[in-house]
Novice: 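Mind looking over this structure? Questions follow.
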Amino acid sequence: MRVILNVIWLVLAGFWLAVGYALAGIIAFILIITIPFGFAAFRIAAFTLWPFGRRIVRRSDAGAGSMIGNVLWIILFGWWLALAHLLTGIALCLTIIGLPLGLANFKLIPVSLTPLGREIVSTTSREFV
């Protein structure tokens with residue numbers, strides 16, 4: 001089931017959302033001081049291409065640096081990525097087939113606003129036991 005959802009996701013929303021994150025990453029690398037944001041953007045872009053079967057969790061060792069970075073991220077990139085997830089989620093929820101994909105988009109809004117201090121893990125990982 002995960003593969004089917006991931007393929008439908010990739011076609012309907014995942015590719016374009018990943019392109020948005022990749023553009024944010026490229027801009028972050030161009031600005032040089034925001035290179036850590038670029039790494040986070042590319043990590044989230046890879047996640048948005050194939051999200052089902054993986055999950056994003058907060059890192060326990062994330063500190064004040066991540067918080068400050070997330071505030072800067074929201075100002076520079078996060079708000080428009082969150083808007084893209086919101087609009088895509090609403091559009092997908094208009095169809096029965098797209099409903100689980102739209103809900104997945106809504107779950108990605110907090111990640112698009114605060115990506116620093118998070119990591120991607122498999123849903124079958126031992127961390128959730």
Side-chain angles (χ1 to χ4, degrees):
M1 188 67 167
R2 284 187 215 159
V3 173
I4 294 170
L5 284 173
N6 277 321
V7 170
I8 295 170
W9 170 270
L10 182 66
V11 171
L12 295 179
F15 176 76
W16 296 110
L17 292 171
V19 167
Y21 280 102
L23 287 173
I26 290 169
I27 292 169
F29 274 100
I30 290 172
L31 297 174
I32 297 177
I33 196 165
T34 56
I35 287 176
F37 298 163
F39 287 121
F42 288 129
R43 188 177 64 245
I44 303 296
F47 178 75
T48 58
L49 281 174
W50 205 259
F52 295 99
R54 297 187 294 167
R55 184 177 175 145
I56 296 180
V57 295
R58 287 200 177 272
R59 291 179 48 189
S60 59
D61 60 346
S66 292
M67 185 185 69
I68 293 168
N70 281 329
V71 170
L72 292 173
W73 171 270
I74 290 170
I75 294 168
L76 296 173
F77 309 109
W79 67 272
W80 61 271
L81 290 168
L83 182 63
H85 280 292
L86 179 67
L87 295 175
T88 307
I90 291 170
L92 287 170
C93 282
L94 295 177
T95 66
I96 293 173
I97 293 173
L99 193 59
L101 305 175
L103 296 176
N105 252 315
F106 297 142
K107 289 180 183 178
L108 284 171
I109 290 174
V111 175
S112 68
L113 288 172
T114 58
L116 301 174
R118 296 178 187 246
E119 65 181 330
I120 300 168
V121 297
S122 173
T123 54
T124 59
S125 176
R126 301 275 304 160
E127 293 183 31
F128 298 108
V129 176

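Atoms considered below: every heavy atom in the structure, side chains included; atoms not considered: hydrogens, waters and symmetry mates.
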Novice: Given side chain to side chain contact (heavy atoms under 4.5 Å, CB included), test V57 with R118 step by step and report yes or no.
Specialist: CA-CA 5 Å; V57 295; R118 296 178 187 246; over 6 Å; no

Novice: Does F39 share a hydrophobic cluster with I26, counting links as ILVMFWY side-chain heavy atoms below 4.5 Å and allowing steps through other members?
Specialist: yes

Novice: Examine I56 and F77 and state if one hydrophobic cluster contains both, with Ile, Leu, Val, Met, Phe, Trp and Tyr joined whenever side-chain heavy atoms are less than 4.5 Å apart.
Specialist: yes

Novice: Report yes if the side chains of F106 and L86 come closer than 4.5 Å at any heavy-atom pair, otherwise no.
Specialist: yes

Novice: So which atom in A46 and which in R54 form the shortest heavy-atom distance, rounded to 0.1 Å?
Specialist: O-NH2, 3.0 Å

Novice: Would you find more than 12 non-hydrogen atoms of other residues, nucleotides or ligands less than 6.0 Å from L94 atom CG?
Specialist: yes

Novice: Could you walk me through whether F37 and N70 satisfy the side chain to side chain contact (heavy atoms under 4.5 Å, CB included) test, starting with their C-alpha distance in whole Å, then the side-chain angles of each, then the deciding distance to 0.1 Å, before giving a yes or no?
Specialist: CA-CA 9 Å; F37 298 163; N70 281 329; over 6 Å; no

Novice: What are the two closest heavy atoms between A84 and L17, and how far apart are they?
Specialist: CB-CD2, 4.0 Å

Novice: Which atoms form the tightest heavy-atom contact between G20 and W80, and what is the distance?
Specialist: O-CH2, 3.5 Å

Novice: Assigning hydrophobic clusters by single linkage (Ile, Leu, Val, Met, Phe, Trp, Tyr; side-chain heavy-atom cutoff under 4.5 Å), is L31 placed with L116?
Specialist: yes

Novice: Using modelled atom types and a 3.5 Å cut-off, is there a donor and acceptor pairing between side-chain atoms of W50 and backbone atoms of V3?
Specialist: no

Novice: To the nearest 0.5 Å, how far apart are CD in E119 and CZ in R43?
Specialist: 8.5 Å

Novice: Given the rule that I, L, V, M, F, W and Y join up when any side-chain heavy atoms are under 4.5 Å apart, are V19 and I8 in one cluster?
Specialist: no

Novice: State, yes or no, whether a side-chain contact exists between Y21 and L81 at a heavy-atom distance under 4.5 Å.
Specialist: yes

Novice: To the nearest 0.5 Å, how far apart are CD1 in I109 and OG1 in T114?
Specialist: 12.0 Å

Novice: Would you indicate whether the side-chain heavy atoms of L10 and L49 approach each other to under 4.5 Å?
Specialist: yes

Novice: I'd like to know if the side chain of W9 reaches the main chain of T48, judged simply by a donor and an acceptor atom lying under 3.5 Å from each other, with no hydrogens or angles considered.
Specialist: yes

Novice: Sequence neighbours excluded, which residues qualify as salt bridge (charged side-chain N to carboxylate O under 4.0 Å, His left out) partners of R59?
Specialist: D61

Novice: Who else is in the cluster with I96 when I, L, V, M, F, W and Y are joined by side-chain contacts under 4.5 Å?
Specialist: none

Novice: Where is the tightest heavy-atom contact between F47 and L108, given as atom of each residue plus distance?
Specialist: CE2-CD2, 3.3 Å

Novice: Quick check on the hydrophobic clustering: are L101 and I4 connected, directly or via other members, by side-chain heavy-atom contacts under 4.5 Å?
Specialist: yes

Novice: To the nearest 0.5 angstrom, please state how far the CD1 atom of I120 sits from the CD1 atom of I44.
Specialist: 5.0 Å

Novice: Decide side chain to side chain contact (heavy atoms under 4.5 Å, CB included) for L92 and L99; before the verdict, give the C-alpha distance in whole Å, the side-chain angles of both, and the deciding distance to 0.1 Å.
Specialist: CA-CA 6 Å; L92 287 170; L99 193 59; over 6 Å; no

Novice: For a quick test of reading the model, state the closest non-hydrogen atom pair linking A104 to F52 and the distance between them.
Specialist: CB-CZ, 3.9 Å

Novice: Measure the OG-NZ distance between S112 and K107 for me, rounded to the nearest 0.5 Å.
Specialist: 15.0 Å

Novice: Using every non-hydrogen atom in the two residues, find where A28 and T34 come nearest and quote the distance to one decimal.
Specialist: O-OG1, 2.7 Å

